[in-house]
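Only this structure's heavy atoms are used, side chains among them; waters, hydrogens and symmetry mates stay out. What you see is a predicted model, and the numbers here were worked out from it, not measured in a lab. Along the sequence shown, the residues carry numbers beginning at 1.
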Amino acid sequence: MWAAETQDSSRAHPKTIVFIAAPETQILDVAGPFQVFVRAAENYVRDHPDRKLPYRVLLASTTTGKSVSTNCGLVIQGTDTFRSLRGPIDTLLVAGGTGVERASHEKELLLWLRRTSRRVRRLGSICTGAFLLASAGLLKGKRAATHWKWAPELAERFKDVTVDSDSIYVQDGSTYTSAGVTAGMDLALALVEEDLGSAAALTVARELVLYLRRAGGQSQFSPALALQTSDRKQIERIQNWVLDNLHRELRVADLAAEAGMSPRNFARVFLDDTGVTPARFVERSRVEAARRRLEESEDKLEKIADDCGLGSVQGLRRSFQRLLHVAPSAYRHRFKESVVN
């Protein structure tokens, strides 16, 4: 429905897409999704020469100057500051970066965000830009995503936000939040698809060598599955024993016997100390070991599944899909340059 409306309305005027960036912004939070919208607009007028650009894409700084310094040392020349923006804004996206923390304490900026959010069709953030939206109260009662590294802090600081630490991007009504860095491009492609249709988004994805819909979530990119350790020596010893014996069956009764405890008491103490059940800890440990083997070796999937105690290739696939939302073969393809199948 919206794709048709956008195509018709593009004859009259483009939709304004505004990126808000603070000093020390993450350059890819801006440049990546910015390019997606620009390229989509260029392709659109190429394919529809009788129509105008569907998008007008602007970068506005959170300071009094138009230029925005990035945390990699480069400076981006913007077109506006948030104070000088005029006219209707269709989509407002807040970029992340180390400067977001300071910007989240600027009362004038937060007030502007709250007022402007009521007038835009879509509001969103890229990476840690979610902290700025949350500081303005714009994520209250909503599901939101951010970079996996900062998701726990976002959840801790803003109790009224339901943080999704695995999704590449999250839509909650007219609010869109994305995971870290390149995930902003995934979000931008989704918005282009929403506006101009899947064919337009797919064309941009192919030109920029991107997936139109990336398989899996952020878990596959984090360095570990965040296996919770315990301060209790007895439980810590069992955790280490599990890691050394992944090839075994490792039932709760086996772990309890190794700990010298009853199965029921062991399960209760383990959950209280680590925040996960023994069974979940074992599965996470198996998947973590398997993912390292996929990255570092050329072993067959059957051998990896057997060595890590996942039983079969089917068991390996089920656990990967459940915890990482991606198939083992796809994970290996992405994270290992040379693969022997």
Side-chain angles (χ1 to χ4, degrees), residues 1-10 13-21 25-26 28-45 47-48 51-60 85 87-96 113 116-130 132-133 138-139 142-147 164 167-215 217-218:
M1 178 65 178
W2 171 249
E5 290 177 355
T6 300
Q7 290 172 3
D8 290 339
S9 63
S10 65
H13 58 80
K15 302 295 183 184
T16 300
I17 312 292
V18 173
F19 287 81
I20 295 291
T25 190
Q26 165 66 250
L28 287 179
D29 285 7
V30 176
F34 198 104
Q35 183 63 43
V36 168
F37 285 113
V38 169
R39 193 67 189 130
E42 292 172 344
N43 289 341
Y44 185 82
V45 294
D47 298 335
H48 304 86
R51 295 174 181 169
K52 295 182 179 180
L53 286 168
Y55 296 131
R56 172 176 173 251
V57 193
L58 305 176
L59 170 62
L85 285 168
I89 298 173
D90 178 79
T91 303
L92 180 66
L93 298 172
V94 178
L113 284 170
T116 304
S117 69
R118 297 193 288 267
R119 302 195 298 268
V120 301
R121 181 169 65 95
R122 295 183 301 212
L123 176 71
S125 63
I126 300 150
C127 197
T128 55
L132 189 51
L133 291 186
L138 300 176
L139 296 183
K142 295 182 178 292
R143 287 179 60 243
T146 189
H147 193 289
D164 185 335
S167 292
I168 299 296
Y169 64 85
V170 168
Q171 176 187 1
D172 190 328
S174 60
T175 302
Y176 300 72
T177 51
S178 77
V181 198
T182 57
M185 300 177 77
D186 295 85
L187 173 58
L189 283 170
L191 297 180
V192 167
E193 183 176 20
E194 184 179 297
D195 294 346
L196 305 178
S198 58
L202 180 58
T203 297
V204 176
R206 286 173 173 167
E207 289 182 356
L208 299 183
V209 196
L210 300 169
Y211 291 102
L212 178 56
R213 295 179 187 84
R214 199 184 326 194
Q218 291 193 80

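- Distance alone, capped at 3.5 Å, is enough to place a donor-acceptor pair between the Thr25 side chain and the Gly96 backbone.
- Between Met185 and Pro33, the closest heavy-atom pair is CG-N, 3.8 Å.
- Atom-to-atom distance recorded for Thr182:OG1 and Leu210:CG is 8.5 Å, nearest 0.5 angstrom.
- Closest of all the heavy-atom pairs between Leu133 and Ser125 is CD1-CB, 3.6 Å.
- Within 6.0 Å of atom CZ in Arg39, more than 12 heavy atoms from other residues, nucleotides or ligands are found, so the atom counts as buried in its surroundings.
- Residues Ala41 and Leu53 approach most closely at O-CD2, 3.4 Å, considering heavy atoms.
- How far OG of Ser178 is from CG of Asp186: 8.0 Å, rounded to the nearest 0.5 Å.
- Applying the side-chain hydrogen bond (donor to acceptor under 3.5 Å, both in side chains) test between Tyr55 and each of Thr16, Thr91, Asp195 identifies Asp195 as the sole match.
- Side-chain contact annotation: Tyr44 with Arg51, donor-acceptor N/O pair under 3.5 Å present.
- Cys127 contributes atom SG, which lies 12.0 Å from atom CG of Leu187 (distance to the nearest 0.5 angstrom).
- A donor-acceptor distance shorter than 3.5 angstrom exists from the side chain of Gln171 to the backbone of Gly173, with no hydrogens or angles considered.
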Notebook entry, point to check: Checking side chain to side chain contact (heavy atoms under 4.5 Å, CB included) for the pair Asp90/Arg122: CA distance, chi angles, key distance, verdict?
Noted result: CA-CA 6 Å; Asp90 178 79; Arg122 295 183 301 212; 3.8 Å; yes

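- In terms of heavy atoms, Asp29 sits closest to Phe19 at O-CE2, 4.2 Å.
- The CG atom of Leu138 lies 9.0 Å from the CG atom of Leu92; values are rounded to the nearest 0.5 Å.
- Atom-to-atom distance recorded for Leu123:CG and Leu113:CG is 7.5 Å, nearest 0.5 angstrom.
- To the nearest 0.5 Å, atom OG of residue Ser198 and atom CG of residue Leu189 are 12.0 Å apart.
- Using a 4.0 Å cut-off between a side-chain N of Lys or Arg and a carboxylate O of Asp or Glu, Asp172 and Arg143 do not qualify as a salt bridge.
- Minimum interatomic distance between Phe34 and Leu59 (heavy atoms only, all atoms of both residues): CE1-N, 4.0 Å.
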Margin query: side chain to side chain contact (heavy atoms under 4.5 Å, CB included) for Thr177 and Lys142? Distances and angles first, verdict last.
Written below: CA-CA 10 Å; Thr177 51; Lys142 295 182 178 292; over 6 Å; no

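- Summarising the geometry of Ala145 relative to Ser167, their closest heavy-atom pair is CB-O, 4.0 Å, with the distance given to 0.1 Å.
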